[in-house]
Structure formats: C-alpha cells, structure tokens
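Written out below as structure tokens is the structure these notes cover.
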Amino acid sequence: MTPRPRSLARVLSPRFAAALGCALLAACGRHSSGVADAGPATFDGGLTGVQLNDVSMLFPLPATQDELDSATLKASDEGSAGVLLPPSFYDAVGHITGSAAKAPTPGGSSEASYADLRATSLRLDPCFAALAPDPHGQGCAPQLRLVFQEVKFNASRGRSEAFDSALHVFYALSRDELLNLSLELYRLRLSRAQPGERLGRLQPHPLMVREGLAGPFAAAVRDLVRGLAGQERIARITQLSSTSTFNWTFKGADFSSPSPSALVAMAIPSLPGSATAQSFFSGFSFDDLEGKFTPATSSADDLTALTNVVTAAGLDAGTRQQSFDALARIDNPSRHSANTIDCASCHLATPAALLVAAPQYSMVESANPNAFAPDGGAVLPGELAPTFETLGQLNLHAFSYLGIYPGISQRTVNETAAIVEYLNQNYP
C-alpha cells in the first residue's frame, strides 16, 4: 500500500518517545496525560509498537449505575474544543432511535434521549478515506472518531445495555495532534499492561475490562479525548438507526464550520441520484437473511445478492463468486473507503459473509485473493477476526453494541490493522 520504512517498535526508544511527546505537546498546546514512559514492550523476542487496541478502543459497557454516571464519556462532556456533541448538533442531524417515547407520536416511535448518549468506542484515523495514504501525510485528513449510543443501566438485569442505533462523530485533528495522541495512547498501554503483553484482537478493551471504567487506564483515555475533541472540530456525523427489529436507516451530514447551521446532508457514495439516506430490510425471519437495500448500490462491487438467501441460491456458481469477490473488496481498505461505497454495503458485509457465504457455500473471506492481507508483523493473523454476536436479531454494528453484545465488523478490523501498520511504518 505504501513504502515500508522502519517500524515504530525498532526506532522508538524511551528517550526519543519522551522528547517527541514533549515537543509535540509544546507545539500543539495540549495537556499530557501525565503517564510515565514505560518504554517499548517485548513480544516473541522482538519489540512491539502500536497494536490494534491502541488505535480502536471499544469501551466495555458500564458495570454499575455509578460507572454509567461518572466513568463514561457523555455527549454533554466539555472538551478543549467545546461540548463533545452539543444538543444543537444532535437536533440538526436528527435523533437516532432509542427507548424514550416521543409524545405525542402515534405508532410507538422512540428516540435516544440526549442525556443518555454515551461514547461506546473510539478510533484514530491518520488519513481518512485514503486507499493509499501518503507516508508523509500529504492530502490526509487525520481524525479522532467517537461512536455514541443510548446506554442505560437495567437494574433488574444488573447490567448496562445499548440500544440498536449509533451516532458516529468525526473530529478533525492536525497531523501532529494525531501523532501525539497515538503516542500517548501507546505509552499509556505500556504503563498499564503486563510486560510484553499483547492485547490481541479487537474486543472490549482488555485493560478497561481488567481495571473497570473507573480505573486509571480508562480515566486517562477519557482525559485525552476531552483534550482534543469538541464542537469546533466536528467534521462529519453519520448514523445507524434501527426503525424496527428488521429495518435500519443510514444517513450522514458534513459540517463546513462548527455550527449546526453549516450542516450539509451527505450524499452516500455509489447510490443513484446522490441519495442522502439508505435503508436495509433484513426480512421477517431471524433464521434466514432475506435482505433488501433501498436504494441499492450502483457500484460494480455489489454484494447485495449475498444478503438474501433466496437470491443467492438462484445464482450460478460464477455469479455468486463475483458477489463474494465484491464483498472481500468492500472489506479491503486498500480497495474501498467511506467515500467509494455505500453505508449499508459496509455494514452488511460481515453478516453476509458469516450468515450466508461461509455456512452455505463454504466461502471464506480470508482465503479470497481480494481480501485485505496484513504484513503479519504489526498485526498477527489470529488478531484479524470480527465479532458477530446477536440478541436473536441481526447485528449491523461495525464498532459498537447491540444490547450487551459487541458488533465488530471485518471492515473495522481491517481498517484498524491498516492504520496500525501505517503508524508503525511511517510516524516515527
């Protein structure tokens, strides 16, 4: 994808890390987390740099009402650049569905109350939507991204639960800020993990699970986020919203300035007529996926046949293979980005692969020649698995929760692996 210079692990000495961090902090005017530099970690006789869970963090759901109240990132939290997600922005992009009844609204419609919005994940992206990001950051749009969901504590079940909707908020950073944040999170993990520990695949962050959301690791992460994010940096907001157990809508908005009045509805890539909204209907059966896209993609890479068991069964083997090849390319961050393919295709690739292609036709994505292939060093093969768990219903979440169950798509895993490689190869 890009030239491969020396990795972060081989060049980032503790002294260099500290000096670089201080220089960047001075240049950016940001506050350090105060975490002591623990130096590089060792693994299998070598040195490890940035790992998957350093740049994409799925926060565990709060274990108690107190954690929900005091140890989470709220939409209303104040960051250095303003409120993380002001109510006016939420109103402007439209409320996602949730458990709060809208009155007086016939039909039992519901929405997520602003007060219940909590960040359930964080992602770093040094070069948003770039298929071949420049090693020096030319033309790149560095971003910090947060996913907000309605999260409530269910006292009768003794657990927190997230509603089947999500807001994805994109905050614009400078390259130096992105570099500094990635370095701070790297050093923070080294300071809290066991010597040589590898955190493995994407999952609810192992250190946050171990220490709890009120623990020092999670608290430091929240401080780092508040030190950068806020209204003044919001560039885009997209949403996945469940309108029934069988139907979801997708839409988004771009912001040219830090004001809800600067909202421009996002034309969803590959949809005819520059459509700004898309829906997916899964069919009424929990056992068989019988999907329908409205509107469907006009891209040459069209996986829609594999989201419907009836349609897939009616294809000849060659045409079915073409659909699966398209699925693998959609999941490959060097072939497609958020600027080249529609929302629903991205969110449906993992369900189509795991519910239709693999069990019915023995099609394995990792074996497809169009699939993303990491270098095998910064990211190990066993770390590339998605997480596809359900509550007896379809889980379309790419890096958030359906109830208590994580949804981590193959696309998100692949994007994160590509970012890990990019950071380790280029940022030192």
Side-chain angles (χ1 to χ4, degrees), residues 33 35 51-79 84-85 96-100 112-123 145-169 185 188-189 191-194 197-226 229 240 242 385-393 395 397-409 412 416:
S33 66
V35 176
Q51 299 180 14
L52 293 175
N53 288 279
D54 293 332
V55 299
S56 292
M57 296 185 177
L58 185 64
F59 307 144
L61 291 172
T64 64
Q65 180 69 57
D66 184 62
E67 274 197 348
L68 177 62
D69 294 338
S70 62
T72 57
L73 285 168
K74 304 178 180 68
S76 58
D77 279 1
E78 187 78 30
L84 296 185
L85 177 62
I96 54 174
T97 51
S99 60
S113 170
Y114 178 77
D116 293 323
L117 294 179
R118 299 290 190 276
T120 53
S121 70
L122 164 160
R123 294 180 65 187
R145 288 146 58 178
L146 297 176
V147 172
F148 289 93
Q149 295 184 263
E150 178 197 279
V151 180
K152 290 186 173 182
F153 188 76
N154 188 323
S156 64
R157 295 177 178 174
R159 68 192 191 193
S160 294
E161 299 173 356
F163 197 84
D164 186 15
S165 297
L167 284 169
H168 197 170
V169 185
L185 291 173
L188 176 61
R189 186 253 302 168
S191 74
R192 302 302 306 173
Q194 298 299 316
E197 182 178 8
R198 197 166 182 96
L199 300 186
R201 62 187 285 182
L202 288 181
Q203 57 190 303
H205 199 283
L207 296 183
M208 295 187 190
V209 171
R210 187 183 305 168
E211 297 181 352
L213 289 175
F217 181 86
V221 170
R222 291 193 296 275
D223 286 345
L224 288 170
V225 170
R226 295 189 190 104
L240 159 69
S242 167
T387 299
F388 184 69
E389 301 182 62
T390 70
L391 276 171
Q393 65 190 79
N395 191 338
H397 291 260
F399 200 51
S400 44
Y401 288 91
L402 170 61
I404 62 171
Y405 294 106
I408 306 174
S409 71
T412 297
T416 303

Revision key, fill the gap. Looking only at heavy atoms, the pair that brings Ile404 and Leu61 closest together is CA-CD1, 3.8 Å

Exercise for review: For Phe153, look at atom CZ and say whether over 12 heavy atoms of other residues, nucleotides or ligands are found less than 6.0 Å away.
Suggested key: yes

**Study point:** Where Leu73 and Phe148 come nearest, the two heavy atoms and their spacing
**Key:** O-CE2, 4.1 Å

Check your understanding: Under the side-chain hydrogen bond (donor to acceptor under 3.5 Å, both in side chains) test, which residues partner Thr412, sequence neighbours left out?
Key -> Ser409

Study note, to complete from the structure: Sorted by chain and number, sequence neighbours left out, side-chain hydrogen bond (donor to acceptor under 3.5 Å, both in side chains) with Arg222 holds for none

Point to revise | Residues that Glu161 engages under salt bridge (Lys or Arg N to Asp or Glu O under 4.0 Å), provided they are two or more places apart | key: Arg157, Arg159

Study note, to complete from the structure: Residue set satisfying side-chain hydrogen bond (donor to acceptor under 3.5 Å, both in side chains) with Asp54, at least two apart, ordered chain then number -> Arg189

Check your understanding: Would Ser165 and Glu150 count as having a side-chain donor-acceptor pair, cut-off 3.5 Å?
Key -> no

Study note, to complete from the structure: Sorted by chain and number, sequence neighbours left out, side-chain hydrogen bond (donor to acceptor under 3.5 Å, both in side chains) with Glu211 holds for Arg192

Check your understanding: What heavy-atom pair brings Ala63 and Glu67 nearest, and what distance separates the two atoms?
Key -> N-OE1, 2.8 Å

**Study point:** Minimum heavy-atom distance between Ser160 and Val151, given as atom pair plus value
**Key:** CB-CG1, 4.0 Å

Practice item. Could you list the residues that satisfy side-chain contact (heavy atoms from CB on, under 4.5 Å) with Pro60, not counting sequence neighbours? Key: Pro204, Met208, Val209, Leu213

Practice item. Decide whether Thr120 and Ser400 meet the rule of one side-chain donor and one side-chain acceptor closer than 3.5 Å. Key: no

Exercise for review: May I have the step-by-step check of side-chain contact (heavy atoms from CB on, under 4.5 Å) for Phe217 and Met57, ending in yes or no?
Suggested key: CA-CA 12 Å; Phe217 181 86; Met57 296 185 177; 3.9 Å; yes

